[in-house]
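Single-structure report; data block below.
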Amino acid sequence: MTRDSEETRRDGEKTRPGRWRRLRDRDRSRRSSRSHRSDAPGVSSAPGVSGDLRKLSEARLLAPSAICVLIAAPALLLDRIPSAVTLTQLLLGCGLTVHAVRQRDRLLDQLAEVREVARITQEAIVRPLSRNLAGTHVSTRYHCAVRESALGGDLYDVAVTPFGLRVLVGDVRGHGLEAIRLTAETVAGFRELAHTACDLTDLATGLDERLAPDLGPEDFVTALLAEFAPGEVRLVNCGHPAPLRSGRRVELLEPAVTALPLGLRPDPLQYRVRLQPGDRLLLYTDGLTEARAPDGTLFPFLTEAAHALGDPLPDEALDTLYTRLLAHTGTALTDDLALILCQPTHITTPAPNPAHQSTP
């Protein structure tokens, strides 16, 4: 490689993080403005589909109502109407009313079916968990910011592999159907690669290569990968908020170098963190750290997490954290939120591996 080409490559690497941050900041401003429109009509479990059903339902109910008004108008405006005409008007009005009620019931049944399909789809993509997996107890919570929606741009998944329990948490840039599609693609890629990739760097690289063809020029997916081994956890961070370890003290497990998100050609680096008996690892999305009170005050994440994770029951700890988050914001969340709490049930001495960065 020539000196000029090497300098060009370095310049590109310097500009890509700045571009990623600008796109991330633009998304945050859009979330803030969208929070003022949370009651917009046509928003439901399956974006677009159930909204169209509601509009269609309204149209079909308004049409018979308008006809009934036209039928009754002569009786109101004229003094003398033959009894036969009045009887006809009443029969037509009753018939149209019955028809309108049947149409409404049928459309409501269709809407309920769409919501049930959306719920099943959500559970297939982001499966709710509270169980022991390969020596680690995993509890999850998922909350979508869109009113009545079941799935957003945040994601998580777990896989018991020959290499140990592997966990993914991520955040797709953007919202709507395109974000949901990328969420499903990311989870599907993880489920396919988690069982074959030799380490987390290979797994992150494989996910990036799988997602890149489907991403637009301004699309990316932040991701954090974790792999639990005896006495330690191995981590790869691609532009995602650092996990939090709760034990003798509460601290963020920041990597020495944070790689770019998936879709921006990251150069992932794996690092290791030792775990002591009773340690917990909280993985989350930025809906937790960037939530604000009505006066703009950020959620005191470390303080509140330390309080909530003091609960001995993992599920209760996550519920407490979410309750305190809502108490701080004073209203429904304006961003999606995924929470994964992992607690190894058996701690042993980690195997030596000097090739990877280690954090005590």
Side-chain angles (χ1 to χ4, degrees), residues 129-130 132-141 156 158 164-169 171 200 222-259 269-293 297-328 337-354 356-360:
L129 291 172
S130 179
N132 289 315
L133 296 169
T136 300
H137 187 276
V138 180
S139 295
T140 64
R141 293 293 184 273
Y156 69 82
V158 300
L165 176 67
R166 287 179 169 176
V167 182
L168 163 71
V169 61
D171 188 355
L200 295 184
T222 68
L224 178 71
L225 295 165
E227 178 182 285
F228 288 87
E232 69 175 14
V233 60
R234 300 156 189 166
L235 300 165
V236 164
N237 193 325
C238 295
H240 198 79
L244 181 141
R245 177 173 61 182
S246 172
R248 290 179 298 179
R249 62 182 185 271
V250 174
E251 59 181 334
L252 294 175
L253 303 179
E254 299 275 4
V257 178
T258 301
L269 175 66
Q270 178 173 293
Y271 61 107
R272 306 165 64 202
V273 177
R274 292 184 179 180
L275 298 175
Q276 302 296 328
D279 280 358
R280 290 173 167 178
L281 197 68
L282 177 66
L283 287 68
Y284 53 92
T285 54
D286 60 9
L288 181 64
T289 55
E290 297 177 3
R292 294 180 180 270
T297 305
L298 277 172
F299 180 63
F301 168 53
L302 290 178
T303 302
E304 296 290 0
H307 178 276
L309 296 181
D311 195 302
L313 301 178
D315 291 319
E316 295 296 331
L318 290 182
D319 290 340
T320 298
L321 182 59
Y322 182 66
T323 300
R324 295 177 76 90
L325 178 64
L326 290 182
H328 178 80
L337 175 64
L339 301 172
I340 305 94
L341 184 59
C342 304
Q343 180 174 353
T345 54
H346 301 287
I347 299 292
T348 58
T349 304
N353 190 347
H356 295 141
Q357 172 189 343
S358 180
T359 301

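- Atom-to-atom distance recorded for L282:CG and L288:CG is 7.0 Å, nearest 0.5 angstrom.
- No more than 12 heavy atoms of other residues, nucleotides or ligands shown are found within 6.0 angstrom of NE2 on H307.
- Counting only N and O atoms by type, the side chains of S130 and D315 include a donor and acceptor under 3.5 Å apart.
- Taken from CG in L309 to CD in E316, the straight-line distance is 13.0 Å, to the nearest 0.5 Å.
- Put simply, CZ on F228 and CD on Q343 are 10.0 Å apart, with the number rounded to the nearest 0.5 Å.
- Looking only at side-chain heavy atoms (C-beta outward), V158 and L133 come within less than 4.5 Å of each other.
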**Request:** Go through D279 and R248 one step at a time and tell me if the salt bridge (Lys or Arg N to Asp or Glu O under 4.0 Å) criterion holds.
**Result:** CA-CA 8 Å; D279 280 358; R248 290 179 298 179; 5.8 Å; no
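- Here the side chains of T285 and T222 are not in contact, with every heavy-atom distance at 4.5 Å or above.
- A side-chain donor-acceptor contact under 3.5 Å links Y284 to the backbone of A242.
- Under the side-chain contact (heavy atoms from CB on, under 4.5 Å) rule, R141 has a single partner from L129, L321, L318, which is L318.
- For C342 against T136, the heavy-atom pair with the smallest separation is CB-CG2, 3.9 Å.
- Of the possible polar contacts, one joining the T345 side chain to the G135 backbone as a donor-acceptor pair under 3.5 Å is found.
- Applying the side-chain hydrogen bond (donor to acceptor under 3.5 Å, both in side chains) criterion to T303, with sequence neighbours excluded, gives no partner residue.
- Counting heavy atoms from C-beta on, the side chains of P243 and L224 come closer than 4.5 Å.
- Here CD of E290 is found 8.0 Å from CG of L298. Values are rounded to the nearest 0.5 Å.
- For the atom pair CZ of R234 and CZ of R272, the computed distance is 6.0 Å after rounding to the nearest 0.5 Å.
- For the pair V138/L165, a side-chain contact is recorded, criterion being any heavy-atom separation below 4.5 Å from C-beta on.
- Contact annotation: the side chain of R280 never approaches that of L275 to less than 4.5 Å [non-hydrogen atoms, C-beta and beyond].
- Among E251, E232, R245, the one residue that satisfies the side-chain contact (heavy atoms from CB on, under 4.5 Å) test with V273 is R245.
- Within the 4.5 Å cutoff, no side-chain heavy atoms of L253 are placed close to those of N237.
- L168 and A223 make their closest contact through CD1-CB, 4.0 Å (heavy atoms, listed as atom of the first residue, atom of the second, distance).
- Residues satisfying the ring pair (Phe, Tyr, Trp, His ring centres under 6.0 Å) test with Y156, not counting sequence neighbours, are none.
- With sequence neighbours left out, H328 forms a ring pair (Phe, Tyr, Trp, His ring centres under 6.0 Å) with F299.
- By the 4.5 Å heavy-atom criterion applied to side chains, L235 and L200 are not counted as neighbours.
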